[in-house]
Amino acid sequence: MAAARTVRGTRDLLPEDSARLRAVEGTAWQTAQRFGYGEVATPIFEFTEVFARTLGDTSDVVTKEMYTFNDRGGDSLTLRPENTAGIVRAFISNSLAAQLPQRIFYRGPMFRYERPQKGRLRQFHQIGVELLGAADPLADVEVISLAHEFLCALGLGGAITLELNTLGSSESRAAYRTRLVDYLQGHRERLSVDSLERLERNPLRILDSKDAGDRAVIAGAPALADSLDGPSGEFFAAVRAGLNDLEIPHHINPRLVRGLDYYCHTTFEFTTEHLGAQGTVLAGGRYDGLVAQMGGPPTPGTGWAAGVERLMMLSGVQAVMPRPVAMIALGREQSGAALRLARRLRQSGQTVQFAFGTSLGKQMKWANRIGARLAVIVGSDEVARQVATVRDMDAGAQEEVSLDLLEERLAQSA
RNA sequence: GCGGGAGUAGCUCAGUUGGCAGAGCACCGGGUUGUGGUCCCGGGUGUCGCGGGUUCGAAUCCCGUCUCUCGCCCCA
């Protein structure tokens with residue numbers, strides 16, 4: 001048997017971890033529901049081409065980060081590295097374009113073959129929303145404000161910054177790309193090795209380089225804003241106006257360029273200073289060409305995804321575990337009565353943990369250790385008189401309660 | 001994929017020049033077979049990440065490897 005360890009970059013979620021993860025997810029889901037979003041759960045694996053085609057053949061995600069394998073039927077399958085492609089595939093598969101717009105929420109594990117770091121795992125969790133079928137800039141405003149409310153609900157309002165940019169229409173973006181490449185070709189000798197690579201695959205990313213030499217070159221590069229056509233400029237202005245109407249603070253970052261090919265117009269990120277190199281906590285943008293590219297009816301889209309583990313590290317949300325009632329039977333003869341009592345109390349909404357053991361002292365010690373609110377003790381004396389001893393574990397006081405009144409009595413002390 | 005740092009008990013960590021593996025907390029047993037916490041007594045619970053090598057002797061030195069971690073790439 002292999003050593004009892006997890007695969008690199010994966011983790012077990014123990015009860016407290018799971019509770020914290022559910023708390024973050026639940027907050028997102030509640031927020032999305034209030035905006036009228038419905039949850040869509042797609043499989044965690046898809047045909048490889050679902051991702052390969054949509055993410056772009058040159059993206060890092062496709063070229064080196066996907067978990068791809070052949071199943072027994074010979075199909076190439078891939079564990080989802082992100083979920084926009086899967087949601088769009090589901091949108092097409094289920095003909096959701098019949099009723100637009102579609103407001104979709106999702107959550108679940110994603111998989112990327114990357115070198116792990118803090119806030120970067122090979123299996124991690126994302127939550128996200130996609131708003132399909134709305135070309136209006138107010139759709140971008142909606143998803144950004146949804147994100148903002150969600151992050152504020154987690155108590156992160158002060159810890160995060162919203163950065164915003166536009167790539168312009170697909171035409172604007174393509175025109176700018178040409179101008180940028182022309183400029184950079186003239187300064188090849190001053191670019192870093194990484195950026196020479198980017199020049200071939202994804203030249204816009206050079207704008208975001210951390211290399212000092214690159215930045216000097218970039219300083220003289222043509223600005224994306226200057227390449228925007230009229231409608232693209234108006235679109236961006238409308239997004240910003242909407243954010244201002246909602247008083248959502250943001251700042252324009254002309255170097256904010258998404259890595260994936262399908263983005264156009266609005267791009268945004270909520271970032272933090274508190275997570276080292278993994279400062280992006282939630283990111284998204286508009287992807288008007290994606291649905292058509294995947295073979296569906298031309299449909300505009302906008303949305304975002306957030307990393308749950310990163311949010312958990314930031315927010316310090318504590319797991320809320322209900323304090324149980326400890327059900328203690330004294331002696332085997334009383335176990336039947338105790339089992340039935342425990343069932344009754346659970347049916348009345350109580351959390352009840354049943355004690356295994358014989359010595360009252362040990363069972364009380366156990367009740368104390370699990371943080372029980374109350375201990376219900378059922379011994380032969382109690383059974384004979386149709387009562388139970390109810391001990392308040394915090395106060396250290398106890399009383400006998402008639403079995404008929406037990407639910408009522410416990411409900412009072414909740 | 002590239003470059004640094006780390007790995008000793010469940011947790012946080014100490015361990016001298018290579019010489020019997022330790023502390024605090026936690027945990028377990030007993031004092032207490034119908035009463036927990038506090039208290040007292042007792043217990044170390046360990047593949048020193050793993051595998052080799054050097055040595056009379058390795059947690060300690062050397063090599064490899066795994067995992068975590070910081071940065072790069074990229075990304076949530």
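Any value given below was found using the heavy atoms of this structure, including those in side chains, with hydrogens, waters and symmetry copies removed.
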Problem - Qualifying residues under ring pair (Phe, Tyr, Trp, His ring centres under 6.0 Å), relative to A:Y67, sequence neighbours excluded - result: A:Y113
Sequence neighbours left out, cut at 3.5 Å: what donor-acceptor pairs do the side chains of residues 126-136 of chain A make with other protein atoms?
| residue | atom | partner | partner atom | Å |
| --- | --- | --- | --- | --- |
| A:E130 | OE1 | A:Y287 | OH | 2.5 |
| A:E130 | OE2 | A:T84 | OG1 | 2.8 |
| A:D136 | OD1 | A:L138 | N | 2.7 |

Problem - Residues which pass ring pair (Phe, Tyr, Trp, His ring centres under 6.0 Å) with A:F105, listed by chain and number, not counting sequence neighbours - result: A:W29
Exercise for the section: Using ring pair (Phe, Tyr, Trp, His ring centres under 6.0 Å) as the criterion, list what pairs up with A:F235, not counting sequence neighbours. Expected result: A:H265
Completion exercise
CD1 of A:I144 to CG of A:L282, rounded to nearest 0.5 Å, is 10.0 Å
Exercise for the section: Can you sort out the partners of A:H187 under ring pair (Phe, Tyr, Trp, His ring centres under 6.0 Å), two or more places apart, ordered by chain and number? Expected result: A:Y183
Handout entry: Between P of B:rC75 and CG of A:D194, the distance in whole Å
Key = 12 Å
Practice task
Starting from C1' on B:rC74, measure out to CG on A:D208 and report it in whole angstrom.
Solution key: 11 Å
Exercise for the section: Just jot down the side-chain contact (heavy atoms from CB on, under 4.5 Å) partners of A:R346, sequence neighbours excluded, or say none. Expected result: A:A342, A:V352, A:F354
Problem - Separation of B:rA76 P from A:L282 CG (nearest whole Å) - result: 10 Å
Fill in the blank from the handout: 5' to 3', nucleotides 29-45 of chain B under a 4.0 Å protein heavy-atom cut-off (B base, S sugar-phosphate only, - none) gives -S---BBBB--------
Expected rows: protein N/O vs nucleotides 3-5 of chain B N/O, under 3.5 Å:
| residue | atom | partner | partner atom | Å |
| --- | --- | --- | --- | --- |
| B:rG3 | O6 | A:R115 | NH2 | 3.1 |

Problem - Pairs where residues 145-163 of chain A contributes a residue and the test side chain to side chain donor-acceptor pair (under 3.5 Å) is met, not counting sequence neighbours - result: A:E163-A:N253, A:E163-A:T271
